[in-house]
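Here's the structure, in structure tokens; my notes come after.
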Amino acid sequence: MKKLFGFLLAVLIIYVIYIDLTVGTLPSSLTQQVDAKIETQTTQPKTGIPAFEAKVEPGETVISIVEHQLNKSLPVSIQDLIEDFRKLNPGESPEKIQIGSTYHFPDYSK
């Protein structure tokens, strides 16, 4: 009887592992794709810094939005990015950007 119980337990564990690896246990309706929406590319007249406008989506940061625009890592230091963001968006803090709001981001692609 113990051997039968052990065999059935082993089959159950293997089945659960198989289902978890092939189908998964998390519901797929909760997954969301997050895309940065870049609207225009301009140069800010007051600052002279090349910039683009983008709407902030959930999970995005200033760094991730600029890196997404460049399709590579930042060519400048994070401190320079923060300073340029503050020049382009007076009174706004890069640490406190709001989801759904549109900001100007420095464009380092040139």
Side-chain angles (χ1 to χ4, degrees):
M1 187 71 171
K2 288 183 181 181
K3 288 184 181 182
L4 178 62
F5 179 70
F7 176 74
L8 291 175
L9 183 63
V11 169
L12 177 66
I13 290 172
I14 291 171
Y15 176 74
V16 168
I17 291 172
Y18 172 76
I19 294 297
D20 189 40
L21 292 176
T22 57
V23 178
T25 55
L26 297 175
S28 61
S29 63
L30 295 179
T31 58
Q32 296 177 353
Q33 183 175 352
V34 178
D35 294 324
K37 294 180 181 166
I38 300 166
E39 296 173 359
T40 60
Q41 199 165 29
T42 61
T43 300
Q44 293 300 313
K46 294 180 182 178
T47 62
I49 299 171
F52 63 93
E53 227 176 53
K55 183 177 179 183
V56 179
E57 299 294 329
E60 292 183 322
T61 63
V62 173
I63 296 172
S64 68
I65 292 170
V66 173
E67 286 180 340
H68 183 265
Q69 169 73 10
L70 295 173
N71 291 323
K72 61 180 182 178
S73 61
L74 285 176
V76 297
S77 70
I78 294 174
Q79 188 61 37
D80 291 340
L81 173 63
I82 291 171
E83 289 174 16
D84 290 344
F85 180 85
R86 286 187 175 146
K87 288 177 186 174
L88 292 169
N89 302 284
E92 298 291 338
S93 172
E95 295 88 8
K96 296 181 180 178
I97 58 175
Q98 299 292 315
I99 295 171
S101 296
T102 302
Y103 298 95
H104 295 281
F105 295 90
D107 186 4
Y108 299 116
S109 62
K110 296 173 183 167

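Both backbone and side-chain heavy atoms feed into the values below; hydrogens, waters and symmetry mates do not.
- The hydrophobic cluster of I14 has no other members, since no ILVMFWY side-chain heavy atom comes under 4.5 Å of it.
- Counting side-chain heavy-atom gaps under 4.5 Å among Ile, Leu, Val, Met, Phe, Trp and Tyr, I99 is found in no cluster with other residues.
- A distance-only check finds no donor-acceptor pair linking the side chain of E92 to the backbone of N89 [under 3.5 Å].
- Judged by distance alone, with hydrogens and angles left aside, the side-chain atoms of S64 form no donor-acceptor pair with the main-chain N or O of E60 at under 3.5 Å.
- Scanning for side chain to side chain contact (heavy atoms under 4.5 Å, CB included) contacts around I13 gives L9, I17, with sequence neighbours left out.
- Contact between E67 and S73 at its shortest, heavy atoms only, is OE2-CA, 3.7 Å.
- Separation of atoms NE2 (H68) and CD (E57) is listed at 10.5 Å; rounding is to 0.5 Å.
- Within the structure, salt bridge (Lys or Arg N to Asp or Glu O under 4.0 Å) pairs that include any residue of residues 71-85 do not occur (at least two apart or interchain).
- Under the side chain to side chain contact (heavy atoms under 4.5 Å, CB included) criterion, I78 pairs with I63, L74, I82, not counting sequence neighbours.
- Between the side chain of Y103 and the backbone N or O of F85 there is no donor-acceptor pair closer than 3.5 Å.
- Of all heavy-atom pairs spanning P106 and L88, the tightest one is N-CD1, 3.4 Å.
- Residues meeting the ring pair (Phe, Tyr, Trp, His ring centres under 6.0 Å) test with Y108, sequence neighbours left out: none.
- Using a 3.5 Å distance cut-off with no hydrogens or angles, the side chains of S77 and Q79 do not pair a donor with an acceptor.
- Between atom CZ of residue F52 and atom CD1 of residue I65 there is a gap of 7.0 Å, rounded to the nearest 0.5 Å.
- Between Q69 and F105, every side-chain heavy-atom pair lies at or beyond the 4.5 Å cut-off.
- Two residues are said to be in side-chain contact when any heavy atoms from C-beta on lie closer than 4.5 Å; S101 and K55 fail this criterion.
- Here the closest non-hydrogen pair linking L70 and D107 is CD2-OD1, 4.4 Å.
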